[in-house]
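Worksheet: one structure, shown below.
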Amino acid sequence: MNTIEKHNVWELNVDGFKEPVLASFLIDYMSAETQDEYVSQSILKSHIAKQSVEGNAYVRCGSCDCPVNLIARNATTEAYFRHVSSKAPNLEIMQLCSFYTGSESFFGPGDIYKGEGQWHFKTKHFLAEKIKNTGDFKNIEIEKFIFSKDPEVDARRKPDIAFEDHNGNRFVIELTRWWMNPEVVYKRERFFREQAINLIWLFSPTCEESNSTTMNMILYGSASSRKDMCPDVLSNVECNVFILSDAALLDMQKHNRITFDVLYPIARFDEQSQEIVVEKHQELMNINSLNLEPENRLPFSIKTSNSFQEAIRIKKLNKRQLLAAKYRALRALAYNELTLCSEEDELKCLNIINSAATTSHLTMKNQARLTKYVERAKFKVTKAKSDRLTKIRRKEVAADIRNYRKVIRCLLSSIQSAKYLKDVLIFKGRITNIYHSSTDYHSDPFLAFFKRINSQVERKLAILQEEENNANLSNQKSMRNHDKEMNAFTAELELGFDDVVADLEMFNIKKNRIIRDAKKYGFTESAENLERVYNKAMANAQKAYWNNEYPNLSQGWSYNLRYKPELDKALELKSLKPERRNPKKKQIEAYQSNTHILLMGFLNQLHVYVDSIYTAMLNADQPTLSSLVLHEHKHLIRAKNCLEYLKANQFTVSCLALSQLEVMESCVFDVNNGVPLYSVIVKLHESQIN
């Protein structure tokens, strides 16, 4: 489970709490009414460190009783609790704990970051020199041991800088740049507090980026850990930390005094989030303006408790006002007339009830009154919901009935405009289906509506039935006439024609009309048979014409046949332009049309022949090429002559065929003049036509 889920189920035993608490509650409790995670983490870590130094455990796991530490949030993880296995009462029980992570406590063996560093070294000597030059202080020492006043206690500390003012106030400065163990922080603060020495934790200018964890712990935790823990602890203590900023250094140089940048929190109540927001501010201060009370606390310059007191006061006042508003809203809901227009209205009312019902810290009298209002409001909401649903259902029923009526009227309109009996019967069936599907809405007015509709439908049926009977009589006569005409036309087509049909358009119109009527009367097979007989008769007439007038051309391309006389005859026919009043005009045009079809077929056969010989030469070896040249030479000349003759008479001859003929003529010429066959083949491929 993730950290949030874990904290919502992990029970902890906390010093000062009578009952176990959830980890999530403890973190929230330590936020000092601010809901600020840095505040809560800092305060909690300081309290854990304080009890650890005193030999106690502030927080223990509720499952295995092992002390736990809080690990602060970083860039990749939320803040979380971790077992301190080195202090576990029973190691085996701790290892079986569901919340044990398998790692040691957060605090490492070192007290502070190892290695003094350039900033630390230069700053302490620079600052000691500045303190000395002001003339306001004496006994200025760098890293001098300070021993405990109690001879029974063998304790000593070596601060970075120690000095006194002329009023006898003693100071030590600890320069801080790196992370520090919370226990080390508390030990040092306790030691100097016992010696009545004012401890100043002085942070580097980059503390916000590099050491925010330790800085926040001292800012919030060091102050709060010397008080009994309470939700509003920051309203009882002053929270300051000191930074040796660039502005402070500039002020020291300008005024010859010891100046630090004091970082302090200011609290305010945010009405939008309904929480106390903590904002950090900075201000330059002179060391002589510090408020000193070394036996009890760290020195401070800016009083911060007032802003927390005011923010907490406003929050409590706002909470009371919100509670009063909830109470008024609930009472209005319980006694005023209530009408719900939507589910959203219902949810708003339920939210008012639930929000008021969860109110805590009420007297018995107020709680009883609140319970009464809640029960009455719930009853009102339930009744209003029932009324709303009933109203909705009525509207739905009315809408359904209107829809049924609308559909039926549309069907009746279609029936009134229908021309065929079968369509009316279909629409009537749909009306009947609607009648049966709407039984839940069969009121007297609705049934009367159906009755009126049915009477109009029956009248329409009677009219169409009569019309259909009359039409059937007429259709029977028409069918007999059609059958007679079809048989006569089919017999005429089967007999055939001696010549091409002159007025083909008239024959085609007649054929299409007879076929259309046949399909109308349901004689599909007769229509298909007529189509076949017609096409066969026209094809036979055309073939007979070709065989009689152009016996050679009708056989297609062949090198054994002569075509010039027939081509002359065909082209002469095509050139005729009969006058409009010529009685043989249609017959001549029929001859011209069929002759043109014959010539186009002959031209296509020539194209195919030329392409086939060209392809054969292109793929031939030397012996095969020699044979092709010998056999096809004269035939190619005849084919070329035919193509050129047709082209000269306005026929579209393929440019590809003419190009192929030109290439083949060149190859034939080379072969006949003794050019080696392999050279001819190479030439043929080089001049290949795509």
Side-chain angles (χ1 to χ4, degrees), residues 4-12 14 16-37 39-40 229-235 267-278 307-393:
I4 295 176
E5 292 172 338
K6 184 177 180 181
H7 285 177
N8 285 334
V9 296
W10 191 1
E11 292 186 354
L12 301 174
V14 184
F17 288 76
K18 295 181 179 180
E19 302 291 337
V21 298
L22 291 176
S24 57
F25 168 83
L26 183 60
I27 294 175
D28 184 63
Y29 183 83
M30 289 292 181
S31 67
E33 296 280 358
T34 65
Q35 302 302 314
D36 189 304
E37 59 179 338
V39 172
S40 61
M229 190 57 225
C230 61
D232 59 350
V233 64
L234 296 184
S235 66
R268 64 177 179 82
F269 178 72
D270 183 68
E271 292 186 359
Q272 185 174 1
S273 64
Q274 294 292 302
E275 297 293 346
I276 293 177
V277 177
V278 178
S307 70
F308 282 92
Q309 291 171 8
E310 180 63 13
I312 292 172
R313 184 190 68 79
I314 296 175
K315 181 179 180 180
K316 290 180 178 179
L317 177 61
N318 187 269
K319 186 175 181 180
R320 286 197 298 270
Q321 291 173 345
L322 291 176
L323 180 61
K326 289 181 183 179
Y327 190 85
R328 288 193 299 271
L330 180 64
R331 191 175 186 281
L333 194 62
Y335 288 99
N336 294 345
E337 289 294 326
L338 180 60
T339 301
L340 299 178
C341 298
S342 64
E343 290 186 7
E344 185 178 354
D345 291 344
E346 179 186 346
L347 289 175
K348 288 180 180 178
C349 294
L350 292 177
N351 287 336
I352 292 173
I353 295 172
N354 294 333
S355 179
T358 55
T359 303
S360 57
H361 308 298
L362 296 176
T363 64
M364 292 182 63
K365 180 179 179 181
N366 288 336
Q367 186 63 54
R369 185 178 297 173
L370 180 66
T371 302
K372 176 183 176 182
Y373 289 161
V374 167
E375 291 176 353
R376 185 176 178 86
K378 285 182 178 179
F379 173 78
K380 292 287 290 294
V381 171
T382 302
K383 184 178 182 302
K385 178 182 178 180
S386 177
D387 293 343
R388 183 178 70 84
L389 294 177
T390 300
K391 188 176 180 180
I392 290 173
R393 180 55 184 161

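Not measured: the values here are computed from a predicted model.
- Here the CG atom belonging to Leu330 is positioned 8.5 Å from the OH atom belonging to Tyr373, to the nearest 0.5 angstrom.
- The backbone N or O of Glu37 sits less than 3.5 Å from a side-chain atom of Ser40, completing a donor-acceptor pair.
- Counting all heavy atoms, side chain and backbone alike, His7 lies closest to Leu22 at O-CB, 4.0 Å.
- When all heavy atoms of Tyr29 and Cys230 are compared, the closest pair comes out as OH-CA, 3.7 Å.
- Using modelled atom types and a 3.5 Å distance limit, the side chains of Asp270 and Ser273 yield a donor-acceptor pair.
- Within the 3.5 Å criterion, the main-chain N or O of Ile314 finds no donor-acceptor partner in the side chain of Asn318.
- Listed by first and then second residue, the salt bridge (charged side-chain N to carboxylate O under 4.0 Å, His left out) pairs involving residues 322-332 amount to none (not counting sequence neighbours).
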**Request:** Could you go through the side chain to side chain contact (heavy atoms under 4.5 Å, CB included) check for Lys315 and Glu275 one step at a time?
**Result:** CA-CA 7 Å; Lys315 181 179 180 180; Glu275 297 293 346; 3.5 Å; yes
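- Expressed to the nearest 0.5 Å, how far OG of Ser24 lies from NZ of Lys6 amounts to 13.0 Å.
- Closest approach of Ala356 and Leu370 over heavy atoms only: O-CD2, 3.3 Å.
- Side-chain N or O atoms of Gln309 include one that pairs as donor or acceptor with a backbone N or O of Ser235 at under 3.5 Å.
- Between Ala267 and Ser307, the shortest heavy-atom contact is N-OG, 3.2 Å.
- Classification of Glu375 and Lys378 as a salt-bridged pair fails, no side-chain N sitting under 4.0 Å from a carboxylate O.
- Checked by atom type and distance alone, the side chain of Ser386 never pairs as donor or acceptor with a backbone atom of Thr382 at under 3.5 Å.
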**Request:** Go through Ser355 and Ile352 one step at a time and tell me if the side chain to side chain contact (heavy atoms under 4.5 Å, CB included) criterion holds.
**Result:** CA-CA 5 Å; Ser355 179; Ile352 292 173; 6.0 Å; no
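- The CG atom of Leu340 lies 5.5 Å from the SG atom of Cys349; values are rounded to the nearest 0.5 Å.
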**Asked** For Phe269 and Glu310, what are the C-alpha separation, side-chain angles and deciding distance, and is it a side chain to side chain contact (heavy atoms under 4.5 Å, CB included)?
**Response** CA-CA 9 Å; Phe269 178 72; Glu310 180 63 13; over 6 Å; no
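- Between Asp387 and Lys391 there is no salt bridge, since no side-chain N of the basic residue sits under 4.0 Å from a carboxylate O of the acidic one.
- With values rounded to the nearest 0.5 angstrom, Glu343 atom CD is found 11.0 Å from Leu350 atom CG.
- Atom CD of Glu271 has 12 or fewer neighbouring heavy atoms from other residues, nucleotides or ligands inside a 6.0 Å radius.
- Taking a 6.0 Å sphere around CZ of Phe17, one finds it holds more than 12 heavy atoms contributed by other residues, nucleotides or ligands.
- In this structure, CD on Glu346 lies 10.0 Å from CG on Leu338, to the nearest 0.5 angstrom.
- Within the 4.5 Å cutoff, side-chain heavy atoms of Leu322 are placed close to those of Gln274.
- Judged by distance alone, with hydrogens and angles left aside, the side-chain atoms of Arg268 form no donor-acceptor pair with the main-chain N or O of Val277 at under 3.5 Å.
- Here the CZ-OG1 distance, from Arg388 to Thr339, works out to 11.5 Å after rounding to the nearest 0.5 Å.
- Annotation: side chain of Arg369 is in contact with side chain of Tyr327 (closest heavy-atom distance under 4.5 Å).
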